K.L.:
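Take a look at the following structure, please.
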Amino acid sequence: MENQCTTLLHSAFIVTQDAQRRIIEDGGIAVKQGRIAAIGAWQEMRHWQAQEVLELGNMLIMPGLINAHTHATMTFLRGFADDLPLMEWLTGHIFPVEARLKPEVVRVASLLGFAEMLRTGTTACVDMYLFESAVLQAAVQAGIRCQGGEGLFAFPSAACPHWQQGLEQTRALAEKYKGNERISVAVTPHSVYTTNDALLIAARDMAAELDLPLHIHLAETTEETAQSLSQHGLRPIAYAESLGLLSPRTIAAHLVDSTEEEHSLLAQRGVTAVHNPSSNMKLASGIAPLPQMLAHAMPLALGSDGPTSNNRMNMFTEMHHAALLHKGHSGNAAALPAQSVLDMATHGGARALQQHPLLGMLAVDAPADLIALDLNEPNMQPLYSPVSHLVYAATGMEVRLSMVAGEVLYRDGLFSRFDYPALLQEVAAVRHWVLKKQA
Ligand SMILES: [Zn+2]
């Protein structure tokens, strides 16, 4: 039957993020086989016959947010080492614990990360870490949409004695998840300062051969620039360009120490830039020149980075920080307006994810990846502009429902795919393991 669907949602507002940025008051969405079959005013939607009707009342439905740069596993070191600059934090505190890492810790910590994401309205993420097969195992369990990649380093990691094995694992993961609706794989050299020419060239070639995204940390700090200049005689972005790393498949996280000339090059190459405002502030890495990047029409996305350098994985926090940081820094209250920030967290994230062209918006045929926020919360009242509230007022704790491909994964405090109290016990065991190893 034409007007039969699996789920029919009804709410006070729908922020579609479609091409016209339509906002529908008293709207409905019909979901069929994981996709949006119809969307519109409730009076046009009420004739749909559904197996399940979700009467959400005074809620706002919007596309699920997309975290375009994260390391979900790093929940296990949340609050373990704070108030340090990037290089000291990474080499003095994070790398030594990571050197002892094992897949079971990765699986538990990633599942905790995915719980945090679904709880705060993130339905998809772009991840890079060690033992990524265990991260993706947790993503499958949580039901979240995820692009993952095994972090490649020039030096041995806990997961791989040599980066060539990391590349072989990437190939195996790509094979395993080929055609998967929610899980995809990227080639992920960690950064230019932790790799070498041979590794980066091999990563570039594999991404091209298997048609995979290439996700890398790039131009994160002035220290990285100084190191690149002394080793290669080139700034990090120019060095990446010299190796042919910059293309539309490339996802470049941070770009804090970047120039206008480099923005123009990145825009020309079609690279997706991921801004990580909380991480850049916490590690004192600097302030990425976002208003200039916007002016160059670069594809821009938003990420939390790992929860050790944030310490949240909450895209409402990132939207809030991005919108405020660049106003304060530029002295221009019109810098990075709310709609641009929301576009970064939806459309930009979808571009980084490279899974489905209609992700990041609520439109016919788009995957039914959506969230619902409770507008009766005090910080959401009164309501004049839904987009303003999403960027400036919401915290993520208003989220009551998170859905991926038409499946409810979180609703009113309950995760549908896993036992959260049992996960908390596993997290406690991981904490014990970290502390015991430290002693
Ligand atoms: Zn990162």
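In listed order, ligands and their atoms are each counted from 1. If you're wondering where the values come from, they're calculated on a predicted model, not measured in any experiment.
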K.L.:
If you leave out waters, which protein N, O or S atoms are less than 2.8 Å from the Zn ion (ligand 1)?
P.N.:
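Checking every protein N, O and S atom gives H69 NE2, H71 NE2, H217 NE2, D305 OD1.
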K.L.:
Taking 4.0 angstrom as the limit, do R235 and E261 come out as a salt bridge?
P.N.:
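So R235 does not pair with E261 through a salt bridge.
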K.L.:
Looking only at side-chain N and O atoms, does D18 offer a donor or acceptor that is under 3.5 Å from a partner on T16?
P.N.:
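There is such a pair between these side chains.
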K.L.:
Pairing donors with acceptors under 3.5 angstrom, does anything connect the side chains of N310 and E318?
P.N.:
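There is such a pair (donor and acceptor under 3.5 Å, judged by atom type) between the side chains of N310 and E318.
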K.L.:
Does R107 pair with E104 as a salt bridge, N-O distance under 4.0 Å?
P.N.:
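A salt bridge is present here (some side-chain N lies under 4.0 Å from a carboxylate O).
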K.L.:
Would you mind reporting whether N196 and W163 have side-chain heavy atoms less than 4.5 Å apart?
P.N.:
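Result yes, sub-4.5 Å side-chain heavy-atom pair found.
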K.L.:
Compile the donor-acceptor pairs under 3.5 Å between side chains in residues 241-250 and protein atoms, sequence neighbours left out, one pair per line.
P.N.:
from : atom 1 : to   : atom 2 : distance (Å)
E241 : OE1    : R269 : NE     : 3.0
E241 : OE2    : R269 : NE     : 3.3
E241 : OE2    : R269 : NH2    : 2.7
S242 : OG     : Y239 : O      : 2.6
S247 : OG     : R249 : N      : 3.1
R249 : NH1    : A207 : O      : 3.3
R249 : NH1    : D211 : OD1    : 3.2
R249 : NH1    : L212 : O      : 3.0
T250 : OG1    : L245 : O      : 2.7
T250 : OG1    : S247 : N      : 3.0
T250 : OG1    : S247 : O      : 3.1

